[in-house]
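Submitted below is the structure of interest, expressed as structure tokens.
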Amino acid sequence: MSIPSTFDAVKSHLAQVQQDPSTALDVALIEKLQLQLIESTDPLVPATLLSQISALLPILQEDPTPLTTLGIKATTNFSFTDLQSVDPPVNLIAGFKAPSPPINLLALSLLAKAGKSSSEAAIVAGDSELVASLVEVWLSTSSTEVAQAALETLWALLEIDVASHLETGEREPTGDRAQTGQGLMWRRVFKDKDVYGLLFGLCSLRNEAPGDLSKRERTVAQGRLLALLGKAGKLRWDMISTTQIPEIEAKYQSDSILHFATCQMVQESDVLMHMTLLSFFRELLDIEAPGLHALSYVHSASTFSSPALDFLVAQKLHSKVLSYYLDDSKLDPVDLIYLSGPVMAYVSRYAELYPNHLLQSPATVLDGIVSTINRSLAIPAIQWAHGESPTGHLAVLASLPRVLLVEAGKHGANPVLAIPTDPANDEALDVLAKIFHGPQRNQTPGSMDLNTSGQTPTDWDHEAAAARILYFLYLNEHPTFWTSVVATADVLVMKNTALSAITFMRAIVTANWKLSPPPSSHSNASRFQLPSEENLGQLSPATSGFFPSSGAWAVLTPPALTTLLPYLFKPPRSYADFVGGGAGDSQNVVWKVATAKHDVLVVLLDRLRENGGQIEGFDDIMRTLQQRVNEGPWGPVQSGGAQVLTADL
């Protein structure tokens with residue numbers, strides 16, 4: 001173990017300052033010691049420094065940052081147990097109560113060490129005053145940096161101390177940390193009157209609420225509380241959603257901390273807090289969301305819902321947000337400028353994570369959502385060209401169940417058909433790519449695919465089949481759209497749009513498609529039945545005479561065969577297309593487009609190998625494709641390395 005050469009000098013200097021607080025700190029000397037502190041430093045050094053710093057901070061007459069920074073650096077390799085052995089003991093509570101952000105940050109840095117061990121977190125949980133002080137500094141500080149550090153510290157203590165799911169009855173979490181805690185920290189925060197009461201009291205706008213915080217400071221505290229509840233709900237939904245201390249909850253006309261935060265705490269006339277609350281609702285939707293899958297554990301009213309959505313529905317918060325989307329006149333015109341984004345983000349997330357719950361909504365709601373999107377897309381072509389697209393509505397559209405879009409098309413109301421590829425717009429291309437690509441594969445632990453017997457409005461297979469149908473519906477409505485996409489990909493001065501066009505190509509090549517399922521005899525799914533393969537031609541006759549079964553084969557079918565494939569085979573644009581022979585390509589657009597294009601070739605080759613040949617000339621196409629893949633992103637090159645510009649195929 002080593003002792004830094006400047007340790008004795010700093011030790012003497014700090015003792016001198018303690019004897020005469022008017023003595024100025026030797027910042028240069030302190031910073032030199034910081035540089036000498038390494039992992040192999042003798043533990044006596046940080047222990048001594050911490051004792052001196054703790055004694056000096058209350059009487060220091062200048063900015064304490066040099067000392068607090070030294071304290072944080074010196075204790076980098078200390079555990080919380082090591083800190084407890086420091087004599088005299090470090091007063092963390094005094095550090096939290098000090099009206100100095102640097103001192104607060106030092107105290108938080110020391111307490112955060114307990115968040116690395118469940119046994120040390122349990123020690124913290126045993127000190128009610130310490131936890132209450134932590135909560136108080138978190139909610140009441142005017143320093144954003146201190147508030148963030150306090151939240152991270154509090155959350156680290158809670159996360160490491162989660163009790164086993166066998167004890168709590170909650171589902172087993174999927175995070176990296178195993179559950180080895182006893183739940184003592186959770187009980188201290190949510191079942192201790194002094195601590196739990198602070199969560200309500202410091203965030204309440206009632207006149208008789210405790211504390212001397214101003215209204216503005218309380219609204220800031222409200223946002224901080226919502227941030228914690230969003231995290232806590234993912235680990236212990238029961239703690240935030242059920243009654244813990246009736247005496248406190250009843251005082252604030254609520255039956256849980258979640259009910260208080262969502263229904264009693266926020267004044268919706270405060271548009272910024274209203275925005276925060278709407279964003280919190282959206283965050284809640286992520287908790288145990290089923291998507292297109294059935295969870296092996298069900299804590300909600302149905303397999304289509306979740307405890308969080310059940311709560312939002314029961315409190316009429318869900319219907320309230322949906323009503324804002326369907327009729328924005330319910331919001332003040334000025335507030336609408338700020339709230340429309342969070343409202344659409346909520347609807348988008350709900351549609352994506354709860355497709356079957358959405359499809360069970362009344363027809364007025366479903367038709368209203370489709371109509372709202374259609375109205376938003378009825379804009380002049382010049383707006384699309386200038387990038388002035390209805391971003392929020394496009395996000396909602398991209399999240400809707402595809403079977404709903406197919407159903408809307410039966411009545412001439414399919415909004416997908418209103419999205420243009422000419423003029424080019426990157427957001428439009430991204431939405432089309434997501435819809436036509438099909439549903440993502442199931443990667444959720446503890447879940448399984450829904451059955452395909454027709455007892456659910458939609459499932460993975462139906463969404464995959466609907467994606468294929470929507471692609472061909474769009475192709476027949478816009479027969480030249482591949483020409484537009486290829487032209488867009490070649491306009492390198494519009495980098496984002498060009499890359500979106502190539503991303504669209506890849507989405508089709510790798511599409512998750514299925515053939516249309518046989519008709520279902522279940523009446524509850526009849527509204528969203530997809531046309532059978534036999535009826536598909538009547539719904540939208542394909543100009544090619546048949547419907548390819550996969551995205552890779554769609555590329556080998558006209559019109560993609562005569563437009564997209566030649567574009568993929570030809571070498572990319574060269575640096576010669578830019579002023580200065582590449583010097584003008586400061587964003588490396590040529591390289592990014594070339595590599596993205598080559599990636600499409602690679603996945604196309606892989607998919608065609610998997611599926612085998614179905615058309616005349618398939619072997620020739622595969623040989624040309626293999627050759628182009630082997631040539632790399634730049635295509636054929638001369639021995640000198642310069643790109644050879646070959647003729648288009």
Side-chain angles (χ1 to χ4, degrees), residues 1-115 120 123-124 127 129-130 132-134 136-138 140-150 152-153:
M1 292 294 180
S2 62
I3 296 180
S5 60
T6 57
F7 171 62
D8 289 335
V10 171
K11 180 181 176 182
S12 299
H13 172 61
L14 295 183
Q16 181 183 357
V17 175
Q18 187 170 1
Q19 291 178 354
D20 182 6
S22 63
T23 303
L25 290 174
D26 188 338
V27 177
L29 178 63
I30 292 173
E31 290 179 345
K32 187 175 182 179
L33 175 59
Q34 287 184 45
L35 296 175
Q36 296 177 344
L37 294 170
I38 57 178
E39 187 174 356
S40 60
T41 298
D42 191 318
L44 179 64
V45 172
T48 302
L49 290 174
L50 191 58
S51 294
Q52 285 190 291
I53 292 171
S54 299
L56 189 54
L57 287 176
I59 61 175
L60 193 66
Q61 298 180 6
E62 60 182 283
D63 180 12
T65 300
L67 288 183
T68 57
T69 304
L70 175 63
I72 293 173
K73 178 64 183 297
T75 56
T76 298
N77 299 307
F78 260 33
S79 68
F80 189 71
T81 302
D82 294 332
L83 291 173
Q84 289 186 303
S85 64
V86 173
D87 187 30
V90 178
N91 190 340
L92 294 178
I93 296 176
F96 292 149
K97 293 184 179 299
S100 169
I103 297 177
N104 299 154
L105 290 171
L106 172 59
L108 289 167
S109 171
L110 299 177
L111 182 61
K113 297 178 183 298
E120 293 181 336
I123 295 174
V124 175
D127 190 335
E129 186 180 4
L130 177 60
S133 298
L134 171 62
E136 185 172 6
V137 71
W138 163 52
S140 61
T141 181
S142 59
S143 168
T144 303
E145 185 180 7
V146 172
Q148 183 60 34
E152 292 173 357
T153 300

Of Leu37, Leu49, Leu83, the one forming a side-chain contact (heavy atoms from CB on, under 4.5 Å) with Thr75 is Leu83

Closest non-hydrogen contact found for Gly71 with Leu106 is C-CD1, 3.9 Å

Problem - Side-chain donor-acceptor pair present, Ser85, Asp82, cut-off under 3.5 Å - result: no

Those residues at least two apart in sequence (or on a different chain) that pass side chain to side chain donor-acceptor pair (under 3.5 Å) with Glu120 are Thr81

For residues 39-59, the salt bridge (Lys or Arg N to Asp or Glu O under 4.0 Å) pairs (sequence neighbours left out) are none

Heavy-atom nearest pair, Ile38 first then Ser2, reads CD1-OG, 4.1 Å

Subject >> Whether Thr68 side chain and Thr65 backbone form a donor-acceptor pair below 3.5 Å >> reply: yes

Can a donor-acceptor pair be found, under 3.5 Å and without considering hydrogens, that links the side chain of Ser109 to the backbone of Leu105? no

Residues 60-69 vs salt bridge (Lys or Arg N to Asp or Glu O under 4.0 Å), sequence neighbours excluded, gives none

Separation between CD1 (Ile72) and CG (Leu110), nearest 0.5 Å, reads 7.5 Å

Between Trp138 and Ala150, the two heavy atoms sitting closest are CB-CB, 3.5 Å

Sorted by chain and residue number, the side chain to side chain contact (heavy atoms under 4.5 Å, CB included) partners of Asp8 (sequence neighbours excluded) come out as none

Nearest heavy-atom contact between Ser54 and Pro58 is O-CD, 3.2 Å

Practice task
Could you tell me whether the side chain of Phe7 reaches within less than 4.5 Å of the side chain of Thr41, counting heavy atoms only?
Solution key: no

When rounded to the nearest 0.5 Å, the distance separating CD of Gln16 from CG of Leu56 is 11.5 Å

dist Leu70:CG -> Gln52:CD (nearest 0.5 Å) comes out at 9.5 Å

Side chain to side chain contact (heavy atoms under 4.5 Å, CB included) filter on Ile123, not counting sequence neighbours, yields Phe80, Gln84

Can you give me every donor-acceptor pair (side chain of residues 90-103, partner residue at least two apart or in another chain, under 3.5 Å) with its distance?
unit_1, atom_1, unit_2, atom_2, d
Asn91, OD1, Ile93, N, 3.2
Asn91, OD1, Ala94, N, 3.0

side-chain hydrogen bond (donor to acceptor under 3.5 Å, both in side chains) pairs touching residues 26-37, sequence neighbours excluded, are Ser5-Gln36, Thr6-Gln36

dist Leu67:CG -> Leu50:CG (nearest 0.5 Å) comes out at 11.0 Å

Ser51 meets the side chain to side chain donor-acceptor pair (under 3.5 Å) criterion, sequence neighbours left out, with none

TODO: Any chance you could lay out the side chain to side chain contact (heavy atoms under 4.5 Å, CB included) test for Leu134 and Val124, step after step, and finish with the verdict?
DONE: CA-CA 11 Å; Leu134 171 62; Val124 175; 5.9 Å; no

Taken in chain and number order and not counting sequence neighbours, the residues that satisfy side chain to side chain contact (heavy atoms under 4.5 Å, CB included) with Thr76 are Lys73

On a heavy-atom basis, the closest approach of Pro46 and Phe78 is CG-CE1, 3.4 Å

Is any side-chain heavy atom of Asn104 closer than 4.5 Å to one of Ser143?
no

Residue set satisfying side chain to side chain donor-acceptor pair (under 3.5 Å) with Gln18, at least two apart, ordered chain then number -> none

NE2 of His13 to CD1 of Ile30, rounded to nearest 0.5 Å, is 5.0 Å

Residues at least two apart in sequence or cross-chain that pass side chain to side chain contact (heavy atoms under 4.5 Å, CB included) with Pro89, listed by chain then number, are Asp87

With sequence neighbours left out, the residues meeting side chain to side chain donor-acceptor pair (under 3.5 Å) with Ser40 are none

